[in-house]
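Each residue takes its place number in the sequence, starting with 1. Computed from a predicted structure; not experimentally measured. Order of appearance sets the numbers: ligands from 1, and atoms from 1 within every ligand.
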Amino acid sequence: MAKNLILLGLPGAGKGTQADFIVEDYSIVHISTGDIFRANLAENTELGKKARQFMDAGDLVPDEITNAMVADRLSQQDVEAGFMLDGYPRNEAQAVFLDKYLSENGKSISATLYFEVADSLLRDRLLGRGRADDTPEVIDNRLEVNKAANLPLVDYYQKVGVLHTIDGGRELTDVYHDVKEVLDNL
Ligand code: AMP
């Protein structure tokens with residue numbers, strides 16, 4: 001059976017690195033909505049024009065636009081082998097849309113991987129990235145905003161029964177060991 005995954009985790013939780021490991025070992029298409037939006041901005045497509053004002057302001061792109069984009073991507077042939085959503089869903093309305101889209105198309109989510117990391121460690125990791133505009137206050141704010149959006153999704157997938165919480169506060173290879181254990185048992 002194709003593995004259809006969702007990755008959840010706050011900034012600094014190591015989602016991106018784990019996604020790279022997964023793509024290397026499994027025939028799964030990595031779908032990052034942030035990457036798709038950025039590519040559309042760069043090429044100034046119709047979608048890019050619609051998304052630009054929201055992205056420039058650091059806001060979420062409205063659900064109608066984002067959901068339509070994801071539905072279009074998931075209708076392509078390559079996802080039949082399995083897919084991994086990264087950066088989507090970002091809120092419960094998107095999660096509900098995704099469920100409906102998948103069930104109408106005879107698909108479902110096999111696992112949602114939630115990389116859990118203590119706030120203090122996330123803060124240290126983000127500060128360690130050393131970006132000039134990343135003051136402790138900006139980082140704390142980003143974590144709080146993301147947490148408010150993330151936790152309802154964690155609850156949502158817990159209720160659906162596909163949530164796997166992984167301790168992301170360890171070495172990357174130890175984290176990936178647990179990821180493989182989940183994926184190999186799907
Ligand atoms: P990211 O790289 O995932 O942080 O995404 C970069 C930007 O793309 C975000 O700040 C949003 O403006 C937009 N974006 C990405 N994913 C979504 C989503 N699921 N819903 C709405 N906007 C999104």
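A side-chain donor-acceptor contact under 3.5 Å links S110 to the backbone of N4.
Other members of the hydrophobic cluster containing V117, listed by chain and number, are L10, L121, L122, L126, L127, I139, L143; membership follows side-chain contacts under 4.5 Å among ILVMFWY residues, whether direct or relayed.
Residues P89 and Y157 share a closest heavy-atom pair of CG-OH, 3.4 Å. Taking every heavy atom of both residues into account, Y176 and Y26 meet most closely at OH-CE1, 3.6 Å.
When the ring pair (Phe, Tyr, Trp, His ring centres under 6.0 Å) test is applied to F54, no partner is found at least two apart in sequence or on another chain. Applying the side-chain hydrogen bond (donor to acceptor under 3.5 Å, both in side chains) criterion to N40, with sequence neighbours excluded, gives T45.
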Kindly print each ligand 1 N/O atom paired with any protein N/O atom under 3.5 angstrom away, one pair per line, or none if nothing qualifies.
residue  : atom   : partner : partner atom : Å
ligand 1 : 2 (O)  : R38     : NH1          : 2.9
ligand 1 : 2 (O)  : R38     : NH2          : 3.1
ligand 1 : 3 (O)  : R90     : NH1          : 3.2
ligand 1 : 3 (O)  : R90     : NH2          : 3.2
ligand 1 : 4 (O)  : R90     : NH2          : 3.1
ligand 1 : 12 (O) : D59     : O            : 2.7
ligand 1 : 16 (N) : T33     : OG1          : 2.8
ligand 1 : 16 (N) : G87     : O            : 3.4
ligand 1 : 16 (N) : R90     : NH1          : 3.4
ligand 1 : 19 (N) : G87     : O            : 2.9
ligand 1 : 19 (N) : Q94     : OE1          : 3.1
ligand 1 : 20 (N) : Q94     : NE2          : 2.9
ligand 1 : 22 (N) : V61     : N            : 3.0

